[in-house]
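Input: a single structure, listed below in structure tokens.
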There are 2 protein chains.
Amino acid sequence: MPDSLRRFKADVFQALAHPTRIAILELLGTAELSAGELIERLGMEQANVSQHLAILRTQRLVINRKSGNQVFYSVRDPILLEVLTLMRSYFQKYLTEAQQMLREMSESGS
Amino acid sequence: MPDSLRRFKADVFQALAHPTRIAILELLGTAELSAGELIERLGMEQANVSQHLAILRTQRLVINRKSGNQVFYSVRDPILLEVLTLMRSYFQKYLTEAQQMLREMSESGS
DNA sequence: ACCGAATATTCGAATTTAATGAGATTGCCA
DNA sequence: TGGCAATCTCATTAAATTCGAATATTCGGT
């Protein structure tokens with residue numbers, strides 16, 4: 001596999017590599033949502049969410065549809081949701097270990 | 001889903017978000033390899049590869065087995081390879097578009 | 001005990017990323 | 001056209017990532 005494609009693939013993972021963006025994709029997994037709805041459900045700064053959406057748009061993980069005053073987002077390809085589902089099963093498999101790791105991190109961090 | 005788990009999930013994607021680390025996982029997909037073999041096949045600096053391996057180890061995407069002077073690495077869970085396979089199909093689906101994007105990036109970058 | 005090979009770790013510089021606050025668009029409706 | 005709501009973009013700053021060079025560690029052989 002050429003390195004350029006590997007870089008491209010890495011960029012997609014990079015786009016997935018943020019809790020907020022994962023949350024966005026999970027919210028969009030079941031239904032198309034407007035930017036405003038996303039902001040509300042996430043409970044985060046408007047500008048911040050908008051920037052994360054821009055990243056997802058640039059990598060084409062989501063598509064957007066303008067309708068009047070609003071912009072509606074949806075996941076571009078179900079494969080991406082499959083990836084998230086696979087990840088979910090991965091985490092369930094190692095759940096106790098993940099929690100253990102989280103606990104250690106919070107202890108050493110305090 | 002609690003945010004802590006989402007953060008944990010994002011960390012795994014972060015670990016996948018580098019061309020070299022993707023290359024490492026793809027190499028390990030078919031066979032267990034020693035650090036030296038990985039370095040040789042990647043044709044990169046020893047320290048650099050070792051650092052990437054450390055990241056993959058920290059996130060537990062790979063496991064390592066010490067045998068004498070060498071350290072052998074392998075992918076921890078086949079689910080991760082499934083994720084890479086899914087991504088591969090995603091890229092094949094949008095290959096022309098990806099190439100187009102790569103071309104534009106290289107043009108504007110020069 | 002010493003040496004060399006294999007691997008890991010540390011450090012510093014350059015680059016990238018994330019969050020916030022402020023400003024700029026765009027589209028609707030009176 | 002004026003104004004408001006929804007959304008995006010820009011600038012700044014703090015934090016994280018990446019790489020190479022140098023250094024450290026660990027193990028087997030002599």
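Residue numbers begin at 1 in each chain, while the letters A, B, ... track the order of the sequences.
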Practice task
Tell me, with the steps shown, if B:Leu84 and B:Leu25 meet side chain to side chain contact (heavy atoms under 4.5 Å, CB included).
Solution key: CA-CA 9 Å; B:Leu84 289 177; B:Leu25 288 174; 3.8 Å; yes

Completion exercise
Counted 5' to 3', the first and last nucleotides of DNA chain D within 4.0 Å (strictly under) of a heavy-atom of chain B are D:dT18 to D:dG28

Problem - side-chain hydrogen bond (donor to acceptor under 3.5 Å, both in side chains) partners for A:Glu82, two or more places apart - result: none

Fill in the blank from the handout: Those residues at least two apart in sequence (or on a different chain) that pass side-chain hydrogen bond (donor to acceptor under 3.5 Å, both in side chains) with B:Ser50 are none

Exercise for the section: Check every strand shown and say whether B:Tyr73 touches a base, only sugar-phosphate, or nothing at a heavy-atom separation below 4.0 Å. Expected result: sugar-phosphate

Practice task
Would you work out how much the helix from C:dA1-D:dT30 to C:dA30-D:dT1 bends between its ends, with each end axis defined by five base pairs, to 10 degrees?
Solution key: 20°

Tabulate below the donor-acceptor pairs under 3.5 Å that side-chain atoms of residues 63-71 of chain B make, not counting sequence neighbours, or state none.
from    : atom 1 : to      : atom 2 : distance (Å)
B:Arg65 : NE     : B:Glu32 : OE2    : 3.0
B:Arg65 : NH2    : B:Glu32 : OE1    : 2.8

Exercise for the section: With sequence neighbours excluded, give me every ring pair (Phe, Tyr, Trp, His ring centres under 6.0 Å) pair touching residues 24-48 of chain A. Expected result: none

Problem - All pairs passing ring pair (Phe, Tyr, Trp, His ring centres under 6.0 Å) where residues 17-49 of chain A contributes a residue, at least two apart - result: A:His18-A:His52

Exercise for the section: Mark up nucleotides 16-28 of chain C, 5' to 3', with B wherever a protein heavy atom is under 4.0 angstrom from a base atom, S wherever such an atom reaches only the sugar-phosphate, and - elsewhere. Expected result: --SBBBB---BBS

Completion exercise
Sorted by chain and residue number, the ring pair (Phe, Tyr, Trp, His ring centres under 6.0 Å) partners of B:Phe72 (sequence neighbours excluded) come out as none

Fill in the blank from the handout: CG of B:Asp77 to OH of A:Tyr94, rounded to nearest 0.5 Å, is 3.5 Å

Completion exercise
A:Leu28 meets the side-chain contact (heavy atoms from CB on, under 4.5 Å) criterion, sequence neighbours left out, with A:Ile24, A:Leu33, A:Leu38, A:Val62, A:Tyr73, A:Val75

Fill in the blank from the handout: Across all chains, not counting sequence neighbours, the side-chain contact (heavy atoms from CB on, under 4.5 Å) partners of B:Thr85 are B:Arg88

